[in-house]
Every structure is written in structure tokens, then in C-alpha cells.
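To start, the structure under review is shown below, and the notes come after it.
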Amino acid sequence: QVQLVESGGGLVQPGGSLRLSCAASVSFFSIFAMRWHRQAPGKQRELVAAFTSAGNTNYADSVKGRFTISRGYAQNTVYLRMNSLKPEDTAVYYCNFRARLIENSDPRDYWGQGTPVTVSS
């Protein structure tokens with residue numbers, strides 16, 4: 001069974017930094033995109049950052065210049081470096097891979113369970 005496991009969340013003061021990690025329990029045949037989403041209380045889940053197989057990165061306007069998505073040396077790992085955190089960044093953060101598990105299988109989305117981030121003084 002495929003699992004994506006996030007870590008690195010926690011409580012941080014405004015202006016602080018955190019680095020989230022996400023590791024898959026398997027090696028995919030191919031990965032099309034690696035993404036971080038977040039869901040704040042009472043709000044819909046939103047895409048925060050994405051890393052595509054072409055090596056492109058995309059960010060939500062609210063995090064541009066503060067967050068950086070990167071891929072680990074292990075190809076099934078992705079990170080989200082978050083700097084200059086604000087109270088409005090408080091949310092549960094989820095990683096998501098769009099991937100093909102084995103050759104000739106259909107691409108699908110895989111999700112982690114989420115890691116909470118709280119930005120508060």
C-alpha cells in the first residue's frame with residue numbers, strides 16, 4: 001500500500017521558519033508532479049506549491065518569495081521550506097504526488113495524512 005508520510009509541522013512564532021518533509025513508501029515508476037496543499041480551519045484546501053516532472057515550480061501568490069518546494073536526493077521525497085511565516089499560514093499541510101506506480105498503470109493522485117502548522121505568538 002502506498003503511503004506518503006509528512007513531517008516537520010509544529011508551532012512556530014510569526015516570522016519563523018519550518019521545513020516540511022514528505023516521503024513516499026514506494027518508488028514510483030514515474031512522478032508527474034509533487035505538490036503541497038494546505039487547509040485552514042473552515043476553509044477549502046488550496047494548492048500552495050508544486051514541482052513538476054519538467055523541473056518547474058509553481059507557488060500560490062500568498063506564499064511566493066517565502067516558501068520553496070524542492071525534491072530530495074531520494075526521488076520519492078519532497079520538501080517545503082517555509083520562511084517568514086504568518087498567522088494566516090496556519091493550516092494542515094498535505095503532500096500529494098501525481099504518479100504512475102508501475103509501468104502501464106494509470107496515473108493517479110496519492111495523498112499524505114497531513115501535518116499541522118500553527119503560527120502564533
Side-chain angles (χ1 to χ4, degrees):
Q1 183 175 354
V2 177
Q3 288 186 312
L4 300 187
V5 180
E6 302 104 333
S7 61
L11 173 65
V12 63
Q13 292 187 341
S17 298
L18 284 174
R19 190 179 82 153
L20 306 183
S21 302
C22 173
S25 59
V26 300
S27 293
F28 294 98
F29 178 78
S30 57
I31 298 175
F32 302 99
M34 306 167 93
R35 310 179 185 110
W36 286 97
H37 305 250
R38 68 184 180 187
Q39 186 165 20
K43 295 188 176 181
Q44 289 189 332
R45 190 173 297 189
E46 64 171 343
L47 177 64
V48 174
F51 186 97
T52 70
S53 58
N56 298 317
T57 56
N58 298 293
Y59 297 94
D61 288 342
S62 58
V63 306
K64 280 181 181 176
R66 300 189 298 120
F67 290 13
T68 303
I69 188 171
S70 61
R71 193 169 186 174
Y73 180 78
Q75 295 299 296
N76 62 344
T77 303
V78 66
Y79 303 100
L80 185 69
R81 177 68 180 181
M82 307 185 294
N83 295 329
S84 303
L85 283 161
K86 305 175 181 180
E88 51 263 43
D89 295 317
T90 295
V92 178
Y93 285 72
Y94 299 88
C95 69
N96 154 233
F97 287 14
R98 178 76 174 172
R100 177 177 283 130
L101 183 57
I102 59 175
E103 189 175 11
N104 298 322
S105 64
D106 291 330
R108 56 158 289 186
D109 285 304
Y110 297 89
W111 290 87
Q113 293 299 307
T115 184
V117 171
T118 302
V119 184
S120 175
S121 55

- prompt: For atom CD of Q113, is the number of surrounding heavy atoms from other residues, nucleotides or ligands below 6.0 Å larger than 12?
  reply: no
Rounded to the nearest 0.5 Å, the CZ atom of R81 sits from the OG atom of S17 at a distance of 4.5 Å
T77 side-chain N/O to G72 backbone N/O, donor-acceptor pair under 3.5 Å: no
Report task. Start with the C-alpha gap between S120 and L11, add the side-chain angles, then the distance that decides, and say whether side-chain contact (heavy atoms from CB on, under 4.5 Å) holds. Result -> CA-CA 7 Å; S120 175; L11 173 65; 4.2 Å; yes
inquiry  = Hydrophobic clustering (ILVMFWY, side-chain heavy atoms < 4.5 Å, transitive) - are V48 and V117 grouped together?
reply    = yes
Test side-chain hydrogen bond (donor to acceptor under 3.5 Å, both in side chains) on N76 and S27 and set out the steps. CA-CA 6 Å; N76 62 344; S27 293; 4.7 Å; no
Quick one: are W36 and L20 in side-chain contact, heavy atoms under 4.5 Å?
yes
Would you mind checking if D89 and K86 are paired as a salt bridge, meaning a charged N to carboxylate O distance below 4.0 Å? no
_Given 3.5 Å as the limit, does a donor-acceptor pair link the side chain of E6 with the main chain of C95, or not?_
yes
Heavy-atom check, side chain of P87 versus side chain of P14, under 4.5 Å: yes
Heavy atoms of S84 and R66 approach each other most closely as O-NH1, 2.9 Å
Heavy-atom nearest pair, F97 first then A24, reads CE2-CB, 3.9 Å
Q | Main-chain N/O of I69 paired with Y59 side-chain donor or acceptor, under 3.5 Å | A | yes
Close side-chain approach of R38 to E46, heavy-atom, < 4.5 Å | yes
(message) Under a 3.5 Å cutoff, is there a donor and acceptor pairing between the side chains of R98 and N96?
(response) no
Check: Do I31 and R71 come close enough that some side-chain heavy atom pair is under 4.5 Å?
Finding: yes
message = Quick check: is L80 connected to V12 through a chain of hydrophobic side chains (ILVMFWY, heavy atoms under 4.5 Å apart)?
response = yes
Legend entry - ring-ring contact (aromatic ring centres under 6.0 Å, His included) between F28 and Y110, worked out: CA-CA 11 Å; F28 294 98; Y110 297 89; 5.1 Å; yes
With side chains defined as the heavy atoms from C-beta onward, is the minimum distance between R35 and N58 less than 4.5 Å?
no
Within 6.0 angstrom of Q44 CD, more than 12 heavy atoms from elsewhere
no
Common cluster, M34/V5, ILVMFWY with side-chain heavy-atom separation under 4.5 Å | no
(message) A side-chain contact here means heavy atoms from C-beta on lying under 4.5 Å apart; do L101 and V2 qualify?
(response) yes
- With distance as the sole test, does Q39 use its side chain to make a donor-acceptor pair with the main-chain N or O of A91 at under 3.5 Å? no
Min side-chain heavy-atom separation H37-Y93 under 4.5 Å
no
*Would you indicate whether the side-chain heavy atoms of F67 and L85 approach each other to under 4.5 Å?*
yes
Say whether, by atom type as modelled, one donor and one acceptor occur between the side chain of T90 and the main chain of V119 under 3.5 angstrom.
yes
- Task: Check whether NZ of the Lys or CZ of the Arg R45 lies under 6.0 Å from the centre of the six-membered ring of W111 and within 45 degrees of that ring's axis.
- Result: yes
